[in-house]
Amino acid sequence: MAIRSFFLFILFFSSSLSPVFSLYEDQVGLMDWHQQYIGKVKQAVFSSQRAGRKRVVVSTEENVIASLDLRHGEIFWRHLLGADDVIDGIDIGLGKYVITLSSGGSILRSWNLPDGQMVWESSLQGPKHSKSFLLVPTNLKFDKDNVLVVFSNGRLHAISCIDGEVLWKKDFEAESFEVQQVIQPPGSDLIYVVGFAASYQFEMYQINAKNGELLKHESASFSSGFSGEVSLVSTETVVALDSTGSILLTISFQDGKISSQQTPISNLVEDSLGPAVIIPSSVSGIFAIKTDAVTVFIRVIGEGKLEVVEKTTHEIAVSDALSISEDQQAFALIQHASSEIHLTVKLAHDWDGNLLKESVKMDWQRGLVHKVFINNYIRTDRSYGFRVLIVMEDHSLLLLQQGEIVWSREDGLASIIDVTTSELPVERNGVSVAKVEHNLFEWLKGHMLKLKGTLMLASPEDMAAIQSMRLKSSEKSKMTRDHNGFRKLLIVLTRAGKLFALHTGDGRIVWSHLLRSLHKSEACQSPIGLNLYQWQVPHHHAMDENPSVLVVSRCGPSSDTPGVLSFVDTYTGKELSSLSLDHAVVQVIPLPYTDSTEQRLHLLINADKHAHLYPKTSEALSIFKREFLNIYWYSVEDQNGIIKGHALKCKCTGEVADEFCFDTRDLWSVVFPSESEKIVATVTRKLNEVVHTQAKVVADQDVMYKYISRNLLFVATVAPKGSGEIGSVTPEESWLVAYLIDTVTGRILHRVTHHGSQGPVHAVFSENWVVYHYFNLRAHRYEMSVIEIYDQSRADNKDVWKLVLGKHNLTSPISLFSRPEVITKSQSYFFTHSLKAIAVTSTAKGITSKQLLLGTIGDQVLALDKRFLDPRRTVNPTQAEKEEGIIPLTDSLPIIPQSYVTHALRVEGLRGIITVPAKLESTTLVFAHGVDLFFTQLAPSRTYDSLTEDFSYALLLITIVALVAAIFVTWRLSERKELQEKWR
Amino acid sequence: MEKGKGIMGSGGRWAVDFSDNSTAPPSRDIPDPPGFTRASVDQDDSTVSRQKKDAESNWKAQKAWEVAQAPFKNLLMMGFMMWMAGNTVHLFSIGITFSALWQPISALQGVGKVFEPYKDNKVDLLGPKLLFIALNLGGLALGVWKLNTLGLLPTHASDWVSSLPPAQEVEYSGGGIPL
């Protein structure tokens, strides 16, 4: 009871202090940090404005359009388009509008360049799907109005640059016509549309740019067919490859006449290997082809004659052409050489002369150069200077100018695939990893300033000094472990296959490592990183062993390609080892066992349902053998609507004897009827979640025993019809079914149907409850439901004496085959927002009450007390229930503006929320990632176990000193008085 | 003080002998006055003191009983205070309850001291002491009862299971949607 009343007291205390967890304005940035990214740049356009700040407008693979400062790489403005609104092209029109074409060429938007406000938007429809092109001709005028030429969805549009109105349109309805290029020769009123029809016919349309009238249509067939893209070598000549990739076709359509020439690649390059591809580029007169090993630059010398100008085996990247004067075009070329990159800027018609040749030292952790964008400026001596923007393999963006990296942006962090955490090194005596400590004087000065602030004596300058001191506290960004466990490393894996370690204190990158195992190689064509696991977390040997993480990746998009494992030291970022597996990786099951070096045992399941044990040591094998019969696994086949349970059987019966490989057998299966149910979400408890107690004390000293099992799976299914967008079905046709399934026995513990409801379903599972979010079609509102599951078979453990003497079996190990009797309680509430992600706070011991973290559609993170989602809420709770902290039932969940964890910030493109317990029980660390990153600390029941950060130690010290002084003074005084008394 | 002594030391010494000579037999040179017999006075004095002693022990016994009954009043007052404090846990009720517990305990510790003044060979203090102890135990019981009504005694199953860790599961299962 003492404990209970203590908690009651805390609860009472916390609820009486208003349920806000908000910050004061000056606390922003103390414990949280926010980083803005844009993603891998797809296309960049330099603003050529003479006045104002130099800027570059980029579109990225994260569907961001952004305007960056060319001096520092900062973001001026940024817009994130929706996930299905992929950007096809950007350009700058009239020098002040950014034009974007997106959604497969069906949406054209114009944005104001200085501030990023949208000016207009037009929707472009067309007869069929096709490639899309956006052209902004500089000199094509139409009633004093600049015209944009857009080819999309099989239709050519001319659009006014000022208001987005469609001036004319022309359909290309021929069934098999596939557009390859849209050309607008400068200085003419013509538009050429070239493409292939039926894959062996070359088609050319000449169109009047003034009114869209078809002037000419020519076609020519090529029996050998085409493959890949075409490269434009002049305004009226294109180069294509035949279907075998061995013959180059030079097709010219001068004056509307098609003439062509065929040149076998072997004529140009003697030792050509395998089929070639054309590297898309727009440099006139020159194009590049790439075979497996070599890249060849070829010049077109009139009448389709080809000439090799350079052949290189280095990795190479070419920029588009940049017109520097009337008849001169420059382009940039980047070649790799061991630890440097060589940048050359050449004129298009003069291959041998270089305008610029520079070497820049490049960290090999950035990988290869993927894209180059060139821009020129006029130096003070009136000559041309060039700067290039390069996009690296790790998705970072760099600006090179005068042989130096002016700035770089780590935009790989915009596409995080998986996150895990690692502890920092333990602080050692003598070997100081930490920064230089403040000296005593500074410490005192700082505290005096703080004291001044507390006593309201500080001047505005002092206040500013205090604030900057708080923000830049070296304490939080040290490279060692702290007592509270606030300082950790966030290990993130990005889509580019790069691992980053971010410091939780200030979000800086501690190390980054481009995984060599994720590098393209012959054995592994297109490696993709999948997941991160904690491989080794040393506790006993924390001083002399470093923790490591396991990166699981795969050699291709399909699930049967072989997997690759890499092990990375989290202190140094060194790749300890990597394993190319001979089997695929379909599932990775971290087992709850560790060997003597504290390496966690992992079970990797391949496509044939064989289980492979890692690490491959005899010790691991003996540990595994001991628990062999108790290890099960399940697979969710969401396409077929089947969940299957499996057990391990025996050693693999393959031709190669492998004692770490095990056969499995099917134990059970749950088959959802495909005509009525489709799996949309599955959730389990987090592996590392700590639960403090199995009992829940309810009003009147009653006890309910939670059903806490690691092997529970929450599955949500919807009607197949209702799996589309919200509103696509009527309430009668749509339903949502929630299941709780025991994954060892396949027993369905609970099933509930929500009629008239629809996905998408977001769910989170913790302790003995699951909360899920869906759409209610009847009420036209989002709903959140909670299911709590209790163990009824333990409910009669109520004899106090048995409990006092410990004569109960509540903590003895249980088997799931004993069929516990469970009861569930559930309740549903309306909720205003639609969600992008949902998570729950986790603390070190699991004592602190929980909060749900909801990633809202507005890209913010909202904290909601679990108390609001308590199925025992009633409209009129009794006195005892009120004391317990039960909130009267309302039909909708409140959104308290102060409980936005992200306060005024937005985590653009929010994808995931991760919570990590700190060592301090009251506190949990929250990391939200999307295109932006956000990190903060949360205390769901306030920091009841530590003094707040703004606690004034100086005030305490001064009070103590003053008290001691007062004691001495009064003692002296009293002595003197006593003496005088005696004299009287 | 020392100053005073110093002054006194410097002056001449003098003294007054106040010794009472009335009971001592006077010196032979001064005869007793007529009608005065020394022996009868002595006899009378002894009977008076015996009576006096009896009255005192009676009074002591009476007082001891009174002292023994004193906690009863206290008990009533405590009961009233507890009723006033109510059954919810807050500062006032906790204060009352703990004082209700503390008072009897401290009183029980000092049982000997309370009855010290009434200690007499002739007075039987066992009865009052027992009553005193019983009443204080009653007070203690009242305090404990109050503690219980406040819900601060571990008398329920919930008090013993609230920190029981969850039971270990023998089986382990993992998996999910294929990567």
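Just so it is clear: chains get the letters A, B, ... in the order the sequence lines come, proteins before strands, and each one is counted from 1. All values reported here derive from a predicted model rather than from experimental measurement.
By number of non-hydrogen pairs under 4.5 angstrom with chain B, the leading residue of A:Ala607, A:Pro590, A:Ala695, A:Pro813 is A:Pro813. By number of non-hydrogen pairs under 4.5 angstrom with chain B, the leading residue of A:Gln694, A:Lys706, A:Glu627 is A:Gln694. When each of B:Pro166, B:Ser173, B:Ala167 is scored by its heavy-atom pairs under 4.5 Å with chain A, the top score falls to B:Ser173. Contacts with chain B were tallied for A:Ser709, A:Ser812, A:Gly846, A:Gly645; A:Ser709 has the most, counting heavy-atom pairs under 4.5 Å. With chain B as partner, the option from A:Tyr632, A:Trp633, A:Tyr634 having the largest number of non-hydrogen pairs under 4.5 angstrom is A:Tyr634. When A:Leu530, A:Leu603, A:Ile679, A:Leu810 are compared by the number of non-hydrogen pairs under 4.5 Å with chain B, A:Leu810 comes out ahead. Contact count against chain A (heavy-atom pairs under 4.5 Å) is highest for B:Gly174 among B:Pro165, B:Pro178, B:Gly174. Ranked by heavy-atom pairs shorter than 4.5 Å toward chain A, the options B:Thr88, B:Val161, B:Leu164, B:Ile177 are led by B:Leu164.
Listed here is the closest heavy atom pair of A:Lys845 and A:His692: O-CB, 3.3 Å. Annotation for A:Leu550 and A:His602: closest pair CD2-CD2, 4.0 Å, computed over non-hydrogen atoms.
In this pair, A:His612 and A:His583 present their aromatic rings parallel. The plane angle is below 30°, not in the 30 to 60° band. The aromatic rings of B:His90 and B:Phe92 lie parallel to each other, their planes meeting at an angle below 30°, with 60° marking the opposite boundary.
Using a 4.0 Å cut-off between charged side-chain N and carboxylate O, B:Lys113 and B:Glu116 make no salt bridge. B:Glu56 has no carboxylate O lying under 4.0 Å from a charged side-chain N of B:Lys53, or vice versa, which leaves the two without a salt bridge.
Only the backbone of A:Asp702 comes within contact range of chain B, with at least one heavy atom under 4.5 Å from a heavy atom of that chain. Proximity to chain B is limited to the side chain of A:Tyr705, based on heavy atoms less than 4.5 angstrom apart. For A:Asp638, the part lying near chain B is the side chain, with the backbone staying farther off; criterion is any non-hydrogen pair under 4.5 Å. Using a 4.5 Å cut-off between heavy atoms, A:Ile643 makes no contact with chain B at all. For chain B, the nearby parts of A:Ile708 are the backbone and the side chain; heavy atoms of each come within less than 4.5 Å.
Distance CG/B:Leu142 to CE/B:Met78: 8.0 Å, rounded to 0.5 Å.
Residue A:Asp742 is tested with A:Val822, A:Leu816, A:Leu713 for a side chain to side chain contact (heavy atoms under 4.5 Å, CB included); the sole match is A:Leu816.
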Does A:Leu591 form a side chain to side chain contact (heavy atoms under 4.5 Å, CB included) with A:Arg600? I'd like the steps, not just the answer. CA-CA 7 Å; A:Leu591 298 174; A:Arg600 186 165 290 276; 5.7 Å; no

